[in-house]
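The next block holds one structure in the form of structure tokens; read it before the comments.
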Amino acid sequence: MKISPIQIKLSDSRKEKPNPETLVFGRSFTDHMFTADYEEGKGWHSYRIVPYAPVTLDPAAIVFHYGQTVFEGLKAYRSPDGTVRLFRPEENMKRMNLSLDRLCMPKIDEEMALHALTKLIQIEKDWIPTLNGTSLYIRPFVIANEAFLGVAPAKKYQFFIILSPVGAYYKEGIHPVKILVENEFVRAVKGGTGGAKTAGNYASGLKAQEVAGQRGYSQVLWLDGIERKYVEEVGSMNIFFKIDGEVVTPAINGSILEGITRKSILQLLDYWNIPVAERKISMDEIREAYEAGKLEEIFGTGTAAVISPVGELNWDGYKMIVNGSETGPLAKQLFDTLTNIQTGKEEDPFNWIIELKNELAKLA
Ligand SMILES: *Cc1c(COP(=O)(O)O)cnc(C)c1O
């Protein structure tokens with residue numbers, strides 16, 4: 001494939017970098033961003049890296065009214081020898097195209113997007129924090145920016161990649177969270193947009209999240225939208241249960257977002273010969289396992305936290321305390337292995353990591 005050239009306009013000034021000790025998620029952004037435009041008939045064009053700045057949009061831009069927008073989330077790490085490493089970025093670009101397609105938005109060229117990302121990170125590499133647990137969060141997204149109040153796919157779009165240095169998810173080491181099983185609100189139904197990373201899914205989840213927060217729970221566990229019986233996922237994480245030695249996660253069914261962390265964990269468990277199943281799992285089954293003393297561990301998986309152990313699950317007032325509210329051994333082992341592979345402290349037997357210096361050499 002021919003990679004279209006990227007125009008680069010560097011910023012005249014540089015922002016002060018945040019203190020890595022007190023970094024929070026998604027509040028500070030680097031000096032530059034990548035962007036490109038799309039027009040029907042012309043395709044994607046005007047690839048450019050420009051100073052990070054607000055964008056001007058027509059108030060009638062379709063994204064504001066009908067939510068035609070998708071996003072991705074991944075991380076870059078700096079390993080002990082200074083090498084910049086990306087975790088499975090091609091999976092994110094592939095998934096972005098699935099989301100784009102679901103929202104009737106034009107697909108991006110995955111190779112072009114990876115090339116743009118590599119270039120941008122090369123320019124911003126000093127923004128990648130090196131303190132243990134910190135990383136550079138990467139947020140690619142596409143919006144419909146055509147000014148039109150009709151309900152129809154836009155004819156104009158803009159693609160962005162922005163970067164944000166983020167802190168350790170667990171400041172005092174990995175620790176379990178309390179989760180409320182959501183019986184009233186639903187996130188997605190089969191045939192809807194639950195499988196796509198699109199804004200509306202998150203806006204519609206806020207109400208349940210707010211109610212759970214008021215009751216002292218950090219997240220909600222979504223159930224299937226039809227019977228409110230089967231487990232789907234948590235916030236922006238997929239969910240795993242260890243029951244009587246076997247690891248179970250809900251099968252991808254059209255309403256669950258297929259996480260790249262989830263996929264990686266399935267591969268790791270298989271590699272370790274730990275029995276694992278992707279299937280439907282009901283709350284009744286979980287309660288039965290709990291009562292029989294067979295519910296060993298629960299954990300969520302996603303790019304932000306990597307692994308998030310669940311210490312308490314509250315289902316309609318019935319509280320299940322998992323592994324004495326302590327991080328289970330499997331959650332710990334998965335967390336350590338994945339983060340060690342991501343940061344280059346451990347070998348990567350799956351070829352998940354892309355080292356930036358190799359990528360740049362390929363492009364040169
Ligand atoms: C992003 C996301 C996940 C996790 O996906 P990863 O690729 O592992 O980060 C899970 N569920 C939802 C709803 C998400 O948006």
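Each ligand, and each atom within it, is numbered from 1 in the order the structure gives.
- Sorted by chain then number, the residues whose non-hydrogen atoms approach ligand 1 to under 4.0 Å are Arg95, Arg187, Lys197, Tyr202, Glu233, Gly235, Ser236, Met237, Asn238, Leu257, Gly259, Ile260, Thr261, Gly302, Thr303.
- Look at Arg95 and Glu72 and you find a salt bridge, because one of the NZ, NE, NH1 or NH2 atoms lies within 4.0 Å of a carboxylate O, short of that distance.
- Remark: side-chain polar atoms of Glu297 are not paired, donor with acceptor, to backbone N or O of Pro309 under 3.5 angstrom.
- No donor-acceptor contact under 3.5 angstrom links the side chains of Tyr157 and Asn145, judged on distance only.
- Between the side chain of His65 and the backbone N or O of Pro59 there is at least one donor-acceptor pair closer than 3.5 Å.
- Side-chain atoms of Glu312 and Ser325 include no donor-acceptor pair closer than 3.5 Å.
- By the side chain to side chain contact (heavy atoms under 4.5 Å, CB included) test, Arg279 pairs with Glu246, Val248, Ala277, Ile281, Glu285, sequence neighbours left out.
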